[in-house]
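Single-structure report; data block below.
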Amino acid sequence: MQAVELDKTYNPKEFEERIYREWKENGCFEPTLNGNPTFTMVMPPPNVTGILHMGHALNNLLQDILARYWRMKGRPTLWLPGTDHAGIATQNVVERELAKKGLSRHDLGREKFVEETWKVKERHHGVITKQLEKIGSSCDWSRERFTLDEGLSGAVREAFVTLYERGLIYKGNYLVNYCSHCGTALADDEVEYSNVAGRLYDIKYPFASKEGGITVATTRPETMFGDVAVAVNPSDERYKDLIGTTVILPLANKEIPIIGDSYVDIEFGTGFVKITPAHDPNDWEIGQRHNLPQVNILNPDGTLNENVPLAYQGMDVQTGRKAVVKDLEEGGYLISSKPHDHEVGHCYRCSTIIEPYLSEQWFVAMEGMAKKALEAWERGEINFYAKRWENTYSHWLKNIRPWCISRQLWWGHRIPVWYCHDCDAVMVERVDPTVCKKCGSTNIEQDSDVLDTWFSSWLWPFSTLGWPQKSDDMQNFFPTNTLVTGYDIIFFWVSRMIMASLEFLGEVPYRDIYITGLVRDKQGRKMSKSLGNGIDPLEVVDLYGADAMKFTLCYMAAQGQDILIDIESFKFGSRFANKVWNATRFLLMNIDGRKLLSLEEVELKVIDQWMYHQVNEAALKIEKAMESYRFNDAAQVIYDLFWSDFCDWYIEATKHNLTTDDEADKDRQVTIMLNLLDQLMRLMHPFASFITEEIYGKLPNTQGRLIEAPYVVYKADGCYEEAKEIVTAMQDVVHAVRALRSELQIPIERRLSVILRPNPNFKGSLFIEENQGLVAALIGADNFKIDYDAVESITSAVPVSGIGFEAFVFVQDVLDIAGEMKRITNELEKNRKALEGSLKKLSNAQFLANAKPEAIEKEEGKRLEFEEKIEKGESHLSLLASMKAQK
RNA sequence: GGGGGGUUAGCUCAGCGGGAGAGUCCCUGGUUUACACCCAGGUUGUCGUGGGUUCAAAUCCCUCACCCCCCA
């Protein structure tokens with residue numbers, strides 16, 4: 001073989017882009033059926049006009065790890081990517097662009113505007129997909145979908161019509177959340193509540209037929225024009241006699257009744273509540289109970305309408321409020337006004353304050369579907385990771401409300417409902433009608449609203465696979481296996497997908513739902529534009545590489561926990577990648593002129609067996625971690641295996657062993673080393689994909705691409721328990737001597753003389769005897785002897801001990817005997833305490849009677865260990881004491 | 001008002017019934033056949049508070065305190 005030269009430092013820019021291109025161009029992301037069960041995930045579709053943020057990065061990196069892992073395990077793996085048309089957000093983007101030219105969407109007209117929006121979509125689309133490629137996502141681009149493409153639009157149409165036919169979709173005049181800025185209704189869960197400092201106004205409403213009046217409290221005085229009653233609690237002794245009388249609405253000069261309703265909290269405010277059914281959900285309910293009219297005081301653009309006195313018409317809510325307060329004050333109706341903080345709903349897209357608004361909208365009745373979704377969970381058909389999210393899921397479903405699905409927008413799936421202007425026909429059709437089905441008139445018109453974006457997203461796990469067609473992909477890949485997403489959309493999306501899947505296909509869309517943590521800054525704050533504390537994933541890739549980002553996030557992704565990071569955090573992954581790179585560089589420097597042997601005929605020595613044992617154990621731990629979605633555990637296993645076992649011990653041993661003159665043995669060692677490197681690359685590939693592929697391609701003992709290579713699986717006959725014990729014993733000796741060297745500040749170039757006295761049952765004896773040169777090198781000794789029979793003189797040597805051995809280190813001028821004695825004394829103290837605890841336990845009859853046998857056995861072992869340590873400590877102490885006396 | 005989560009080394013967090021851990025920081029010493037993005041070693045903790053269950057509690061149960069979410 002020839003040496004392979006690697007650059008001195010790890011430079012991901014050299015190869016990441018090239019490798020991604022090779023994977024993609026060679027169809028490595030596309031599944032090939034092979035008889036094994038498939039593994040499928042649909043990517044949560046990012047907003048097509050959005051850009052990748054850390055949350056996306058985390059989410060997609062974890063999916064990539066799963067995809068690569070299962071692909072290497074031999075399952076045909078489909079990770080299906082796509083984007084979301086994001087109705088309000090995208091329309092906002094286009095409207096903002098138009099506004100710069102002084103235009104509104106109405107200037108363009110619907111058709112032109114939608115055309116324009118498609119152009120914007122095309123322009124933005126490449127941005128987010130390119131970003132997903134940059135971070136290494138191994139998703140099948142040949143199957144990429146968009147929520148507004150032809151197939152998915154067909155699925156939306158099918159779903160709408162089917163639900164309508166099943167009587168689950170209806171149109172009604174209800175109170176909805178309305179954003180006057182976006183000009184559309186919003187679903188309950190699209191409203192975000194936050195605390196706002198407002199004022200609480202006490203207003204006097206005079207009695208209609210006598211002197212005096214009552215006082216109502218409100219935070220929104222302008223809504224008084226929508227008042228249709230004032231309510232008191234019928235058990236309120238102060239006021240119950242007033243029920244049935246009337247009061248006058250100031251400024252409007254309108255007479256409204258006082259009614260009794262137990263909703264009113266006697267303790268709160270004045271005990272009187274103004275009832276505004278068209279502008280408050282609670283009042284709406286009361287209005288229903290008492291058959292009250294609904295007076296809407298707002299125009300769709302958020303200004304006050306003709307139902308308020310002329311003076312206020314056309315004002316927006318804030319202006320109207322000021323004017324009303326001023327006039328109330330002047331009229332002597334304002335009794336008081338004091339600061340009052342309360343929770344106010346805001347639009348999740350534009351943060352405008354949401355007004356409850358009475359309007360005609362389309363709804364989906366959710367109760368039945370929610371019940372099925374709840375039952376599927378109760379039957380154990382879906383599992384959340386972490387489990388506690390199941391509370392969120394079930395709580396939501398148990399308190400489900402009708403879903404308002406119409407939006408007064410132009411960008412989206414237009415509602416497939418036609419109205420005939422010549423008769424009253426309402427047509428809900430799979431194919432666009434041209435004439436009225438009832439009267440034959442051509443004077444028909446489609447509903448002008450579009451559907452909530454989530455009405456397409458909730459079909460995502462099957463619409464992307466071809467539903468409602470019975471496609472091959474549906475056959476092969478549905479139901480999918482795992483969904484990875486954030487907890488903020490368990491309501492919006494996850495539970496609705498489950499409901500849709502059960503409703504249309506009769507089964508759940510996936511079994512496992514992994515809920516990622518939120519990526520936050522080091523202060524624990526959400527990353528946001530306004531705080532400017534966000535980290536751009538692309539910047540991380542640029543600085544440290546995609547693997548560094550992936551490995552860092554994976555290492556930190558503890559199940560159910562948020563991730564707190566700053567840009568510096570990614571140095572962790574970068575250091576690891578650099579380590580991997582350099583270890584490889586070293587090994588590949590040493591293969592020059594060597595012959596690659598067949599693995600079958602190669603003899604494994606103890607140290608090799610040990611390394612294979614560690615790899616085998618790691619494979620098992622990773623398997624367990626991956627099956628329970630414990631990404632951080634898997635990453636930690638990889639880290640320790642590569643850095644601690646492979647670099648710190650195996651390569652160090654190799655370094656020494658390669659100094660031999662035995663050419664055949666060098667071939668043997670290099671063969672094993674390369675094989676181990678191959679296996680390590682396979683194990684690490686899901687967690688650090690680019691660097692491992694790059695290295696794999698440079699190894700002389702590999703073929704093909706790593707992404708397609710089989711994963712390392714745990715083999716019961718791959719355990720070398722004895723080698724493990726032996727090497728651990730050797731490591732103990734090395735650790736003990738190194739610690740002493742460091743303690744006494746003996747520089748490495750000062751070679752030591754060391755005498756090792758093992759107990760008869762010490763596991764490392766034979767190995768150390770046969771590898772004296774290696775051990776001597778690891779501890780920096782010139783002179784290293786094993787003294788089984790305790791015959792060598794240890795005069796003037798400093799003692800150290802470990803389990804099953806003592807070692808005596810000869811150092812000429814030990815500077816600080818007293819210090820060393822102090823250290824041993826402290827150690828002794830600790831061990832005596834530990835022994836005391838152990839003995840106490842072992843003499844406790846209750847413990848012996850109740851504890852598991854293993855626990856007792858372990859405690860017994862501990863006792864022996866402590867006794868040995870104490871015994872040695874005492875003897876070492878007296879040894880040092882005599883040394884000190886001699887000085 | 002209801003629900004969930006958190007509280008472990010200076011910092012970021014694992015561990016979740018049987019000897020308190022990792023990374024980072026800090027300290028000491030190092031031009032080791034790759035790596036200073038490195039090597040060898042070291043210091044650091046009433047495991048938030050107070051109770052309970054248990055032979056045994058950081059770990060299970062309850063109380064309280066503080067912080068963070070979600071829902072009303």
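Scope of the values below: all heavy atoms of this structure, side chains included, with no hydrogens, waters or symmetry mates.
- Nearest-nucleotide assignment on RNA chain B puts the 5′-proximal partner with Ala855(A), out of Met589(A) and Ala855(A).
- Residue Asn850(A) places at least one side-chain N or O under 4.0 Å from the OP1 or OP2 atom of C55(B).
- Taking a pair as Watson-Crick or G-U wobble with both distances under 3.5 Å, RNA chain B forms stems of 3 or more consecutive pairs at B:1-7 with B:65-71, B:10-13 with B:21-24, B:26-30 with B:38-42, B:50-52 with B:60-62.
- Expressed to the nearest 0.5 Å, how far CG of Leu543(A) lies from CE of Met549(A) amounts to 11.5 Å.
- Ring centroid separation for the pair Phe631(A) and Tyr514(A) comes in under the 6.0 Å cut-off.
- The phosphate of C39(B) has OP1 or OP2 within less than 4.0 Å of a side-chain N or O from Trp643(A).
- The residue Tyr10(A) sits apart from the nucleic acid: no heavy atom pair falls under 4.0 Å.
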Atom pairs and distances, side-chain donor-acceptor, residues 641-650 of chain A, under 3.5 Å, sequence neighbours left out:
unit_1	atom_1	unit_2	atom_2	d
Asp645(A)	OD2	Gln614(A)	NE2	3.0
Tyr650(A)	OH	Asp608(A)	OD1	2.6

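- Between the base of A34(B) and the side chain of Lys655(A) there is a donor-acceptor pair shorter than 3.5 Å.
- Contacts of Arg823(A) with the nucleic acid, taken as non-hydrogen atoms under 4.0 Å apart, are absent.
- Taking a 4.0 Å limit (strictly below) on heavy-atom distances, residues 633-641 of chain A does not reach RNA chain B anywhere.
- Closest-nucleotide positions on RNA chain B for Asp648(A) and Thr659(A) were compared, and the one nearer the 5' end corresponds to Thr659(A).
- Counting atom types as modelled, Glu652(A) pairs a side-chain N or O with a base atom of A34(B) as donor and acceptor under 3.5 Å.
- At the heavy-atom level, Ala851(A) lies under 4.0 Å from base atoms of the strands shown.
- Applying the 4.0 Å criterion to OP1 and OP2 of A56(B), one finds that Lys841(A) has every side-chain N and O outside that range.
- Remark: Phe690(A) pairs with Trp23(A) by the ring-ring contact (aromatic ring centres under 6.0 Å, His included) rule, at least two apart or across chains.
- For the side-chain hydrogen bond (donor to acceptor under 3.5 Å, both in side chains) test, no residue two or more places apart in sequence or in another chain qualifies with Lys858(A).
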For this session: Take Asp665(A) and Gln669(A) through the side-chain hydrogen bond (donor to acceptor under 3.5 Å, both in side chains) test and state the conclusion after the steps.
Result: CA-CA 6 Å; Asp665(A) 194 59; Gln669(A) 286 194 57; 3.1 Å; yes
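- Note on Lys852(A): a base of the nucleic acid sits closer than 4.0 angstrom, heavy atoms only.
- An OP1 or OP2 oxygen of C39(B) is reached within less than 4.0 angstrom by a side-chain nitrogen or oxygen of Lys579(A).
- Which of C35(B), G18(B), U33(B) sits closest to the side chain of Lys862(A) comes down to G18(B).
- Using modelled atom types and a 3.5 Å distance limit, the side chains of Ser569(A) and Asp566(A) yield a donor-acceptor pair.
- Residues of residues 570-577 of chain A having a heavy atom closer than 4.0 Å to RNA chain B, listed by number: Phe572(A), Ser574(A), Arg575(A).
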